[in-house]
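Following: one structure in structure tokens, then a few remarks.
Start at 1 and go down the list; that is how both ligands and their atoms are numbered. Just so it is clear, the model here is predicted, and its values are computed rather than measured.
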Amino acid sequence: MKIPFYARHCTNLDEEELLSCLNGNLNTDGLFTKKVLSQLSSVYSDRGSRYMLTSSCSLALETALNMCNLSKEDQVLLPSYNFPSAANAVLKAGGIPVFCDIDPDTQNISLKDIASRITSKTRAIIPVHYAGISCHMDKLLKLASEAGLVVIEDAAQAINAFYKDAALGTLGEFGCVSFHYTKNISCGEGGLLLCRDRTDFEKARCYRVHGTNRDAFFNGECDRYTWVCHGSSTAVSELCAALLSAQLSSLSQITKTRRQRLKDYLNFLKPLEQNGYARLMAVPDYASPNGHIFYLRFASQTLRERIQSYLTGQGIDAKTHYVPLHISPMGKKFGYKQSDFPETMACYDTLLRLPIHTKLTREQVWEISEIILKGIRLYG
Ligand SMILES: *Cc1c(COP(=O)(O)O)cnc(C)c1O
């Protein structure tokens with residue numbers, strides 16, 4: 001048996017949409033970009049039309065941070081157990097990333113740790129909805145509003161995942177989603193920026209097209225377009241938008257299949273938890289997941305390593321995840337001690353992700369689970 005960790009979901013519209021796109025001029029914000037925005041309106045209706053496609057989630061984060069007008073030494077809180085994108089965006093905007101520990105049930109930013117790290121210099125929080133499982137947003141938003149902080153959701157992994165009834169990415173001032181090849185819906189490289197505020201949205205639109213008022217020009221509001229603010233070139237390519245539009249036509253089916261595989265793992269692997277060999281990922285009542293990642297945390301690093309190599313030996317590709325930012329070569333420059341974030345370190349040592357994608361069958365999830373349970377009998 002050979003089971004890959006990732007497998008691209010192919011839809012029967014992929015080729016058709018791409019070929020039809022090639023008949024046009026590939027002009028930025030053309031027909032396909034418009035089509036994707038309208039497809040996304042079913043998920044993001046409560047953001048009106050205040051969202052835009054970018055060429056990556058990292059650039060969506062960069063744009064959001066740019067809208068925050070940080071001064072030198074302003075601080076932004078984010079989890080150390082994280083991909084580097086949000087920390088890079090803070091640095092680019094002239095701020096200082098301040099790392100926080102995580103919650104051991106969800107691996108999301110710890111609310112307790114956030115509270116202890118807020119200072120007079122703190123301006124924003126960037127929570128990550130790890131694995132497509134929502135942070136506890138009522139509590140997080142309350143903390144943020146009491147301290148006057150902007151919330152930028154890193155919803156990179158969270159397309160079509162919800163907190164109660166709200167789509168992830170629509171709860172903070174800004175939300176950033178990824179369409180990278182590793183994500184549930186993918187066009188190779190792509191992203192989405194959601195804005196709560198109309199003025200932020202309009203500024204972000206200018207930033208996205210070289211700091212110009214190109215949108216106003218195309219809406220007939222001025223007779224030429226020109227340089228109006230800080231900017232970059234962060235719009236998605238029409239070719240990527242064409243593929244994205246094909247992918248989004250299967251959004252509910254993709255989400256449904258992945259959610260089902262997540263449930264299958266939780267059922268089949270339950271004995272591990274009962275016997276204390278591992279903790280399965282938690283799905284709190286308030287979270288409606290999208291099955292982006294399935295992970296478990298073993299009782300020890302040794303057990304994790306033994307099970308991972310046992311799986312590899314059987315052709316099953318299982319993966320660990322982030323090197324915590326505070327112990328990475330770049331993150332070390334901020335002067336943290338390893339022991340500053342005990343849950344982050346424990347997660348780093350013990351977390352293992354198992355394959356989850358739309359080509360994975362329930363029977364395969366059962367087989368993978370059986371191999372793990374057998375591995376535990378050998379090494380546990
Ligand atoms: C994938 C990911 C990103 C980066 O997304 P890109 O679209 O590749 O820029 C950022 N943050 C998190 C949490 C991610 O999982």
Side-chain angles (χ1 to χ4, degrees), residues 5-6 8 36 40 51-66 76-93 97 99-100 102-103 106-109 124-135 140 151-161 163 168-169 171-172 174-194 204 208 232-237 240-241 243-244 247-248 258 281 287 289-295 319-326 328 330-331 344 347-348 351 353 356-357:
F5 188 78
Y6 299 118
R8 190 176 91 76
V36 169
L40 288 170
Y51 51 89
M52 64 198 82
L53 292 180
T54 55
S55 43
S56 69
C57 176
S58 301
L59 284 170
L61 286 162
E62 251 182 68
T63 309
L65 263 303
N66 194 275
V76 178
L77 304 173
L78 47 90
S80 170
Y81 195 70
N82 198 355
F83 199 65
S85 299
N88 277 324
V90 173
L91 289 176
K92 278 217 163 141
F99 301 133
C100 293
I102 50 173
D103 169 272
T106 58
Q107 328 311 317
N108 285 335
I109 194 164
I125 310 177
I126 313 180
V128 178
H129 302 294
Y130 183 71
I133 301 287
S134 172
C135 298
L140 190 138
V151 173
I152 300 163
E153 295 175 75
D154 182 342
Q157 307 174 0
I159 180 94
N160 218 19
Y163 172 73
L168 299 186
L171 291 131
F174 299 95
C176 305
V177 179
S178 174
F179 302 116
H180 185 252
Y181 84 95
T182 53
K183 305 300 201 273
N184 287 18
I185 295 287
S186 160
C187 57
E189 296 277 1
L192 174 72
L193 172 64
L194 299 131
R208 177 175 172 273
S232 185
S233 176
T234 70
V236 76
S237 131
C240 289
L243 185 53
L244 204 47
Q247 294 280 307
L248 284 169
R258 282 177 165 269
M281 65 184 271
N290 61 0
H292 175 61
I293 287 175
F294 176 79
Y295 70 83
K319 292 185 189 294
T320 61
H321 213 175
Y322 308 123
V323 174
L325 297 178
H326 77 286
S328 67
M330 176 71 185
T344 300
C347 172
Y348 171 54
L351 183 138
R353 293 177 295 156
I356 191 163
H357 43 74

Below 4.0 Å from any atom of ligand 1, is there a heavy atom belonging to Y322? yes
Going through the distances and angles, do I159 and L192 end up as a side-chain contact (heavy atoms from CB on, under 4.5 Å)? CA-CA 10 Å; I159 180 94; L192 174 72; 5.5 Å; no
Could you list the atoms of ligand 1 found under 4.0 angstrom from a heavy atom of V128? 13 (C)
Ligand 1 and E189, any nitrogen or oxygen pair closer than 3.5 angstrom? no
Which heavy atom of I356 sits nearest a heavy atom of I293, and at what distance? CG2-CA, 4.0 Å
Show me which atoms of ligand 1 lie under 4.0 Å from any heavy atom of F83. 3 (C), 4 (C), 10 (C), 11 (N), 12 (C)
Is the closest N or O pair between T182 and ligand 1 shorter than 3.5 Å? no
Between S80 and L325, is there a donor-acceptor pair closer than 3.5 Å when you use the side chain of the first and the backbone of the second? yes
Geometry only, no angles: is C57 polar-contacting ligand 1 at N/O separations under 3.5 Å? yes
Side-chain donor/acceptor of S178 to backbone N/O of H180, under 3.5 Å: yes
What residue and atom, counting heavy atoms only, is the protein's closest point to atom 11 (N) of ligand 1, and at what distance? D154 OD2, 2.9 Å
Looking at every heavy atom in both S186 and G188, which two are closest together, and how far apart are they? OG-N, 3.0 Å
Considering only protein heavy atoms, which is closest to atom 9 (O) of ligand 1, and at what distance to one decimal place? S58 OG, 2.6 Å
Among all the protein's non-hydrogen atoms, which is closest to atom 14 (C) of ligand 1, and how far away is it? A156 CB, 3.3 Å
How close does the nearest protein non-hydrogen atom get to atom 7 (O) of ligand 1, and which residue and atom is it? S178 OG, 2.7 Å
Between ligand 1 and Q157, is the shortest N or O to N or O distance under 3.5 Å? yes
Which atoms from ligand 1 have a heavy atom of G190 less than 4.0 Å away? 7 (O)
Those atoms of ligand 1 less than 4.0 Å from some heavy atom in S56: 7 (O), 9 (O)
Does an N or O from H180, backbone or side chain, lie closer than 3.5 Å to an N or O of ligand 1? no
Is the distance between the ring centroids of H321 and Y130 less than 6.0 Å? yes
Looking at every non-hydrogen atom in both residues, tell me the closest pair between S134 and A287 and how far apart they are. N-CB, 4.0 Å
Determine the sole option in E153, Q157, H292 for which the side chain to side chain contact (heavy atoms under 4.5 Å, CB included) test with H129 is passed. E153
Can you tell me which residue and heavy atom of the protein come closest to atom 4 (C) of ligand 1, and the distance to 0.1 Å? S85 OG, 3.6 Å
Result of checking Y81, Y295, Y348 against Y322 for ring pair (Phe, Tyr, Trp, His ring centres under 6.0 Å): Y81
Among all protein heavy atoms, pick the one closest to atom 1 (C) of ligand 1 and tell me residue, atom and distance. K183 NZ, 1.7 Å
Checking the side chain of N184 only, and the main-chain atoms of N290 only, is there a donor and an acceptor separated by less than 3.5 Å? yes
